[in-house]
Number of protein chains: 2
Amino acid sequence: MGTRRANTRSEILEASVDLFGNRGFAAVSLDDIAGVVGVAKQTVLYWFPSKDELLDAVLEQTAVELAAVIEAAVRAAPDEPLARVEAVVRAVFRPAVRRPGLLGLVREVSRLSPPHAERLTLRVQPFVRRATDYLGQEMAAGRLRRADPGLMVALAYVTVTGIATEQEALRAVEWPMTRSGLRRLRSELIEFVLAALRPA
Amino acid sequence: MGTRRANTRSEILEASVDLFGNRGFAAVSLDDIAGVVGVAKQTVLYWFPSKDELLDAVLEQTAVELAAVIEAAVRAAPDEPLARVEAVVRAVFRPAVRRPGLLGLVREVSRLSPPHAERLTLRVQPFVRRATDYLGQEMAAGRLRRADPGLMVALAYVTVTGIATEQEALRAVEWPMTRSGLRRLRSELIEFVLAALRPA
DNA sequence: ATCGCTGTCTACCATATGGTAGAAAGAGTG
DNA sequence: CACTCTTTCTACCATATGGTAGACAGCGAT
């Protein structure tokens, strides 16, 4: 029985991100995950000693992935606030629609137990602070609409994750999920956020 | 034993809205609900024959409540698009922060089974259509930024529900949840949405 | 007083789920 | 080949959960 599979651990992580993110942590059983990976439940428990520790690993991996994407986007963008915001939204958009579970998982954090939530919050904290400081500077310089920078970060975040994760909302307005529909969605989303941030 | 309680059915509904909305449908057990109401699980099952039918009733009630709030706000506002948008956001804001579960429940719909989701979607459909048509007209008249009206509805929706339900996002930017903090939050939220919709 | 209806509870049940124990199977090493 | 280490699986277990059956108590009507 002990045949070595390709890379069981990361397959379990990947499946868990999708399942937890799409259906919610509580709604997913270890058997569900095992079923997707094509393995017995006990194999999951071999790699992650409990469902809770699996969740921790999943959150960790998600944080790392997203951080890398955002980091790269910011680095590559010119030093102009609207261009940077656009770059970040654009960078997050692709993984978000390809794997809605990714951002769905981040959103799931609100419902998790405080210890789990706090661990992810701490991980994200430096990003938030950097973004807040940056927006604050640019507002002071008149290159962004004057507002509370922290709140603008939060608003941009909920707008992007919301539109990316709530397929129901898009279905309600009969948005076509075709390739061109997605391109259009991305550009309208960017315009929406930029319009909200542009100086008056 | 058969003493009549005040209004068990509606107490169960109310508790269920909060619990389902805050923790997610799957994460809430009938015992949890019964515990909050102060009643035995079987009493819950007496009023609602199954957890699924309870969910239906909860969704129905939520839809009716929110519809009434929005309807009233639109009716009372002057016939000017930005004022109407502001009125709706303002009207939804109060119940949203007082009972995060309300909007949290709406957001939960994405994770529910298609039959449940569809029932709520159908209920909301007429509102969406009216809003879309209205925004479309006002855009054509140049009183709103020109964009896809349906998407604007979706974006405004996810922005408002997102900021109202994701307390984690607000905690991450260290937003004070005091009375004045909430007032400030409301006005910044409105400004954000209006700035995104104002004609260029 | 008794009858029946309504609402609530106690006693169970079947199933699903997270988790434990330990066997077996393959691969590398002496 | 024998031995060990890693990985996977089969066999269970305890608990939680949605749901059923039926007893019991208050209340209005006859």
Side-chain angles (χ1 to χ4, degrees), chain A residues 1-61 105 108 111-116 119, chain B residues 1-61 105 108 111-116 119:
Chain A
M1 290 283 170
T3 323
R4 247 155 211 146
R5 295 170 43 87
N7 193 346
T8 311
R9 202 189 122 98
S10 61
E11 279 180 49
I12 292 172
L13 273 180
E14 197 180 337
S16 300
V17 170
D18 293 340
L19 288 170
F20 288 163
N22 288 324
R23 298 196 212 154
F25 178 66
V28 175
S29 74
L30 295 180
D31 278 308
D32 291 336
I33 297 168
V36 168
V37 178
V39 88
K41 173 174 67 172
Q42 275 56 30
T43 302
V44 176
L45 284 166
Y46 169 78
W47 290 103
F48 306 92
S50 74
K51 199 186 174 189
D52 258 43
E53 299 197 39
L54 170 58
L55 175 60
D56 277 334
V58 164
L59 291 175
E60 175 75 15
Q61 149 135 337
L105 185 65
E108 175 80 359
R111 345 194 97 149
L112 300 178
S113 65
H116 285 122
R119 232 167 308 178
Chain B
M1 291 279 170
T3 322
R4 246 155 212 146
R5 293 171 45 88
N7 193 347
T8 311
R9 202 189 123 98
S10 60
E11 279 180 49
I12 293 172
L13 273 179
E14 197 180 338
S16 300
V17 170
D18 293 340
L19 288 170
F20 288 162
N22 288 324
R23 298 195 211 154
F25 178 67
V28 175
S29 74
L30 294 181
D31 278 310
D32 290 336
I33 297 168
V36 168
V37 178
V39 89
K41 174 175 64 171
Q42 275 57 28
T43 301
V44 176
L45 285 166
Y46 169 77
W47 291 104
F48 306 92
S50 74
K51 198 187 176 189
D52 259 42
E53 299 196 38
L54 170 58
L55 175 60
D56 277 335
V58 163
L59 291 175
E60 175 76 14
Q61 148 135 338
L105 184 65
E108 175 80 1
R111 349 194 96 150
L112 300 179
S113 65
H116 285 122
R119 231 166 309 177

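Lettering of chains follows the sequences in order, A, B, ..., and the numbering in each one begins at 1. Since the model is a prediction, treat every value here as computed from it, not as a measurement.
The side chain of B:T43 places no N or O atom within less than 4.0 Å of a non-bridging phosphate oxygen (OP1 or OP2) of C:dG7. Within the structure, a side-chain polar atom (N or O) of B:Y46 is placed less than 4.0 Å from OP1 or OP2 of C:dG7.
Of the charged side-chain nitrogens involved, at least one lies within less than 4.0 Å of a carboxylate oxygen, so that A:E108 and B:R111 count as a salt-bridged pair.
For B:D31 and D:dT15, the CG to P distance is 16 Å, given to the nearest whole Å. The distance between atom NZ of A:K51 and atom C1' of D:dA16, rounded to the nearest whole Å, is 13 Å. Computed from coordinates, the B:L55 CG to D:dG19 P distance equals 12 Å when rounded to whole Å. D:dT6 atom P lies 15 Å from atom CZ of A:R9, rounded to whole Å.
Listed nucleotides: D:dC9, C:dG19, D:dT7. Nearest to the side chain of A:L45: C:dG19. Here the side chain of B:Q42 is nearest to one of D:dC9, C:dG19, D:dA21, namely D:dA21. Taking every side-chain heavy atom of B:T8 into account, C:dT8 is the closest of D:dT8, C:dG19, C:dT8.
With A:S16 contributing its side chain and A:I12 its backbone, the two residues share a donor-acceptor pair below 3.5 Å. Under a 3.5 Å cut-off, the side chain of A:N22 and the backbone N or O of A:D18 do form a donor-acceptor pair.
Using a 4.0 Å heavy-atom criterion, one finds that A:V44 contacts no nucleic acid atom at all.
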